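Take a look at the structure below.
This one's a predicted model, so the numbers in the text were calculated from it and none came from an experiment. Naming: A, B, ... by sequence-line order, numbering from 1 per chain.
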Amino acid sequence: MSERLIMHIDLDAFFASIEQRDHPEYQGRPLVVGAKPGRRGVVATCSYEARRYGVRSAMPISEAARRLPQEAVYLRPDINRYGEVSQQIMTALQSLSPVVEKVSVDEAFLDITGMERLIGDAESIGRQAKQLIHDQVGLTASVGIGPNRLIAKLASDYQKPDGLTVVTADQVEAFLNPLPLTLLRGLGTKSAPILQRLGLSTVADVRRLSLLELRRQLGNLAGTSIYQQARGIASDRLDDQSTRKSISKETTFDQDITDPAILRESLHWSAQEVGYVARQEHRKGSLVTLKIRFRGFDTHTRSRSLNTPTSADQEIFKTAWELYRSESWDDQPVRLIGLGISGWDGAVDELQRQPDLFGDPALQTGARQDRLYQTLDEVSGKFGKHAIRLGSKRGDSKTESESE
DNA sequence: TCTGGGGTCCTAGGACCC
DNA sequence: TCTGGGGTCCTAGGACCC
C-alpha cells in the first residue's frame with residue numbers, strides 16, 4: 001500500500017456547458033453565466049467561445065460585455081439545476097472508487113490507489129472516469145492523475161478542456177519545473193507578487209529559495225506550504241466526510257443604499273434564508289456575523305456569540321440588526337449587507353462520522369477507505385500476488401497546453 | 001476593469017485565567 | 001509595586017479558492 005494514486009476531476013466550464021447542453025441554440029456561441037450586463041456583478045463561468053475574447057471567471061460583467069460581440073448570451077446562474085447535475089456526477093463517480101471527495105459543485109478527488117491492479121493503468125482509469133461522466137450527463141471533464149492532491153490538481157489543469165494528464169512520481173519534478181508559480185495553492189493577488197518581485201516566475205525558481213526565506217516572505221505557515229509544494233510534496237489523503245462550518249447570505253445592491261429600512265428588510269430576508277438552510281441541515285449556530293460593505297469597497301464584519309445555539313430566523317435577524325445598530329454607520333452608502341451563522345457543536349458531526357461499533361462496519365462511511373484496501377487485499381489473496389500488476393509507468397504523456 | 005456569492009483558513013490583539 | 005509566561009477564547013480583518 002505504498003504508492004498512492006490520486007485522481008482529480010474538473011468539469012469543463014461547468015455552468016456554461018450545462019446551459020449549452022440544454023439549449024442547442026446556445027451551442028457554438030459565446031455564453032456567460034453570471035450577472036446581467038448593465039448591472040453590478042461578475043462572470044461566474046463562460047463558454048470556451050467566450051474565452052476566445054479574453055473573458056474569464058471573476059471578470060466584471062461590464063468588462064466582459066465590452067469584449068464580447070452582440071450575439072453573446074448572458075444567463076443568470078440556476079444553482080439548483082447545476083447542483084442536481086453535480087449530484088448525478090458524484091454518484092456516478094462512486095461506482096469507480098468508494099473514496100470520493102467533493103471539492104465543489106464541479107470538482108472532485110478520487111482515491112484510486114491500487115486500482116490499476118483491477119481496472120487497468122492510470123490512464124485507462126482516467127478515460128473511464130471521463131466516459132462515465134459523458135454517458136451520465138453528456139458533459140466533458142478534464143482529469144489529472146498523480147501521486148498526491150497537488151499533482152493531480154495541477155495535472156487536470158494542464159490540458160483543458162476534455163484533457164487527461166497522468167504524472168508519475170518520477171515525472172513530478174520535470175512536470176512542476178516550468179509551471180508558473182501562480183499555480184501553486186495559496187499564491188494569489190497578494191503573495192504571488194511578493195515572490196515575483198524577487199525575480200521568480202516558475203516553480204523551479206521558487207525552489208531556489210530556502211525554507212527560511214520563504215517563511216520570511218510569506219509567513220511561517222504559507223512559506224512552509226509553498227516550500228513543500230515546489231518540491232511536489234502534498235497530502236495524498238482524501239476527506240470524503242467534510243461538513244460545512246458556516247451558512248451565510250449576502251446581497252449586493254444595484255445602487256448603494258442609505259435608507260436603514262431597506263437594509264433592515266434585506267437582513268430580515270437573509271436571516272430567513274440562512275435559518276431555513278440551518279433547519280434543513282439540523283444545525284444550530286451560536287455565532288451570528290453581520291457583514292457590511294460600503295461604497296469604495298471597505299468591508300467590515302461584526303459578530304456576537306449567543307448563549308444558546310439557534311436556527312430561528314427571528315433570533316438570527318434580531319442579533320444581526322442589533323450589531324448593525326450598535327455602530328454609527330448611519331449615513332454611509334451601503335453596497336452590500338449580509339449575515340451568517342456558524343459555531344455549531346462539532347460533536348454532532350463527529351458523532352455522525354464515527355463507526356457504529358454495534359452495526360455492520362462495512363456499512364459505516366468512515367470505514368470506506370479501509371474497505372477499498374480490504375477489497376484489493378482479498379483480490380490479491382484469491383489470485384495470488386503475482387497475478388496483480390503493480391503501478392505501471394507510462395511513457396511521457398506529454399501534452400500541449402491549449403491555454404484556451 | 002471596478003470588483004458576486006458562498007465558503008475556508010490564518011493572523012493578531014485583547015481578555016482572562018492559572 | 002511592578003510585573004512573567006503560557007494557554008485559550010473571542011473578535012475583526014483579510015487572503016484565498018471555486
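Remark: A:S248, A:K249, A:E250, A:T251, A:T252 in residues 248-266 of chain A come within less than 4.0 Å of DNA chain B through at least one heavy atom. Using a 4.0 Å cutoff on non-hydrogen atoms, the parts of residues 221-234 of chain A near DNA chain B are A:L221, ordered by number. The stretch residues 211-218 of chain A does not touch DNA chain C, since none of its heavy atoms comes less than 4.0 Å from the strand.
Rounded to whole Å, the distance from CG on A:D10 to C1' on C:dC18 is 9 Å. Rounded to an integer number of Å, the gap from A:M59 CE to B:dC2 P is 12 Å. Straight-line distance from the CE atom of A:M90 to the P atom of C:dC18: 14 Å, rounded to whole Å. Between the CG atom of A:D106 and the P atom of C:dC18 there is a distance of 9 Å, given to the nearest Å. Atoms NE2 (A:H8) and C1' (C:dC17) sit 11 Å apart, rounded to a whole Å. Between A:L184 atom CG and C:dC16 atom C1' the separation is 14 Å, expressed in whole Å. Taking atom NZ of residue A:K102 and atom C1' of nucleotide C:dC17, one finds them 16 Å apart after rounding to whole Å. Distance A:R293 CZ to B:dT3 C1': 8 Å, rounded to the nearest Å.
Nucleic acid contact for A:K153: sugar-phosphate only, since backbone atoms but no base atoms lie under 4.0 Å from a heavy atom of the residue. No contact: A:I61 has no heavy atom under 4.0 Å from any strand.
A stacking contact between A:F297 and B:dC2 is absent: the pair does not combine a ring-centre distance of less than 5.5 Å to the base's six-membered ring with planes differing by less than 30°.
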Its dot-bracket string being built from Watson-Crick and G-U pairs below 3.5 Å, with | for another strand and [ ] for crossing, DNA chain C has the pattern ....||||||||||||||

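The listed nucleotides are C:dC18, B:dC2, C:dA15; the one nearest the side chain of A:P60 is B:dC2.
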Each nucleotide N or O in nucleotides 5-11 of chain C that has a protein N or O under 3.5 Å away: list the pair and distance.
{"from": "C:dT11", "atom 1": "OP2", "to": "A:S305", "atom 2": "OG", "distance (Å)": "2.6"}

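A distance of about 16 Å separates the C1' atoms of B:dT3 and C:dG14, rounded to the whole Å. The same atom, P, is picked in C:dC17 and in B:dC2; the two are 24 Å apart, to the nearest Å.
Heavy-atom minimum distance, A:F317 versus A:R264: CE1-O, 3.5 Å.
Summary of the strand contacts: A:N220 and A:V277 both lie near DNA chain B, and taking for each the nucleotide with the nearest heavy atom, the more 5' one is attributed to A:V277.
Note on ring orientation: taking the six-membered ring where Trp is involved, the planes of A:F109 and A:H8 are tilted (angle from 30° to 60°).
Qualifying side-chain contact (heavy atoms from CB on, under 4.5 Å) partners for A:L306, counting only residues two or more places apart in sequence or in other chains: A:V288, A:T310, A:E315, A:T319.
In summary, the side chains of A:T168 and A:Q171 do present a donor paired with an acceptor at a separation below 3.5 Å, with no hydrogens or angles considered.
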